[in-house]
Amino acid sequence: MFAFNCTQNFRDNVCSAVNEIADDCVASNNLQWVVHSFQVKRKNCVVAMHVMSRYSILFANLKKTDPSSFFKLFTFRLYNEMNFLCGLDDVTSQRVLKRLSKYAEFNYCKSYNRSVQAHINDVIFHFRDQIELAGRLPKDDDELFSSGYYVNRLLGSTFEVQDYFYPEERIVDFWRRTFVEQPDVQMESTLSSDNNQNNKVISLGDYKKNKDLM
């Protein structure tokens, strides 16, 4: 089941309907996302950030909608972005779509995560900068993906993972293990094992060393 932790801005400007469930009911769910809205050029934009990987999906010029409609929009974008990042062929992507359809349930929660919000604020900063340079909002999903492509390749860290990592690499690894390579794996498994994968988590020392060589 997908879970959306909605900020107050998101509830006020995009989707006001929130399920009556406890804020911490999905704390360990790997399909947990934080959704936050902000305004650019008087238009509502949204960042949806995957809590465990810090991968973000950007939406622009959204009108107020109902929970089901936003979920359909979200899963459409998530599916297409993961197909591209994982380099899936048509046969595999259709198989993934069938597996994804088994997780069509979703919950909207009232929640606040200071660590995730800090990462979201960074994404918004870079997104605003891109829009300022372009002079307009992204016009379609491809341009929105390009905006997210940049921020998802920036090094990040969390309280749980002190070393630096790339959000894109973490979610691609999760997506492959969950939907592509191991379809029967339980969605509640955590990403804690990723901390031991050298190709997914980068130590600050190694990062500084590589940067000095550039």
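Predicted, not measured: the structure shown is a model, and the values here were computed from it.
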Which value, rounded to the nearest 0.5 Å, describes the distance between [X] atom [atom1] and [Y] atom [atom2]?
X: Phe2; Y: Thr75; atom1: CZ; atom2: OG1; result: 7.0 Å
X: Leu78; Y: Phe71; atom1: CG; atom2: CZ; result: 9.0 Å
X: Thr65; Y: Asn13; atom1: OG1; atom2: CG; result: 13.5 Å
X: Leu137; Y: Lys43; atom1: CG; atom2: NZ; result: 8.0 Å
X: Asn152; Y: Ile171; atom1: CG; atom2: CD1; result: 8.0 Å
X: Thr92; Y: Arg176; atom1: OG1; atom2: CZ; result: 9.0 Å

Revision key, fill the gap. Sorted by chain and residue number, the ring pair (Phe, Tyr, Trp, His ring centres under 6.0 Å) partners of Phe76 (sequence neighbours excluded) come out as none

Check your understanding: When you look at Thr7 and Val35, which way does the side-chain contact (heavy atoms from CB on, under 4.5 Å) test go after all the steps?
Key -> CA-CA 6 Å; Thr7 66; Val35 284; over 6 Å; no

Would a 4.5 Å heavy-atom cut-off, applied to side chains only, mark [X] and [Y] as touching?
X: Ser53; Y: Phe174; answer: no
X: Leu97; Y: Tyr79; answer: yes
X: Ile124; Y: Arg128; answer: yes
X: Val123; Y: Phe38; answer: no
X: Leu88; Y: Val96; answer: yes
X: Val151; Y: Phe125; answer: no
X: Glu143; Y: Asp140; answer: yes
X: Glu81; Y: Tyr149; answer: no

Just checking [X]: does its [atom1] atom have more than 12 heavy atoms from other residues, nucleotides or ligands closer to it than 6.0 angstrom?
X: Gln39; atom1: CD; result: yes
X: Gln8; atom1: CD; result: yes
X: Asp66; atom1: CG; result: yes

**Study point:** Near-ring test Phe74/Phe4, centroid separation under 6.0 angstrom
**Key:** yes

Review point. Mind checking whether Phe59 and Phe70 have ring centres under 6.0 Å apart?
Key: yes

Between [X] and [Y], what is the shortest heavy-atom contact and its length?
X: His36; Y: Phe10; result: CA-CB, 4.2 Å
X: Trp175; Y: Cys86; result: CD1-SG, 3.9 Å
X: Ala60; Y: Cys45; result: CA-SG, 3.9 Å

Check your understanding: With Ser146, which residues qualify under side chain to side chain donor-acceptor pair (under 3.5 Å), at least two apart?
Key -> none

Exercise for review: Please assess Met1 against Leu31 for the test side-chain contact (heavy atoms from CB on, under 4.5 Å), listing each intermediate value before the final yes or no.
Suggested key: CA-CA 7 Å; Met1 176 183 291; Leu31 292 182; over 6 Å; no

Practice item. For the residue pair Ser157 and Asp163, confirm or rule out a side-chain donor-acceptor distance under 3.5 Å. Key: no

Check your understanding: In terms of hydrophobic clustering (I, L, V, M, F, W, Y; side-chain heavy atoms under 4.5 Å; direct or indirect links), are Phe106 and Tyr103 co-clustered?
Key -> yes

Counting distance only, does the side-chain N/O of [X] pair as donor-acceptor with the main-chain N or O of [Y] below 3.5 Å?
X: His119; Y: Tyr55; value: no
X: Arg99; Y: Val180; value: yes
X: Ser93; Y: Asp89; value: yes
X: Lys63; Y: Asn44; value: no

Point to revise | Pairing residues for Arg11 by the salt bridge (Lys or Arg N to Asp or Glu O under 4.0 Å) criterion, not counting sequence neighbours | key: none

Check your understanding: Between Asn121 and Gln117, does a side-chain hydrogen bond (donor to acceptor under 3.5 Å, both in side chains) hold up when you go through it step by step?
Key -> CA-CA 6 Å; Asn121 291 342; Gln117 189 63 50; 3.1 Å; yes

Practice item. Please step through side-chain contact (heavy atoms from CB on, under 4.5 Å) for the pair Arg54 and Val116, ending with a clear verdict. Key: CA-CA 7 Å; Arg54 297 302 199 263; Val116 175; 3.6 Å; yes

Review point. Which is it for Val51 and Trp33 under the side-chain contact (heavy atoms from CB on, under 4.5 Å) test, yes or no, and what are the steps along the way?
Key: CA-CA 5 Å; Val51 173; Trp33 294 72; 5.7 Å; no

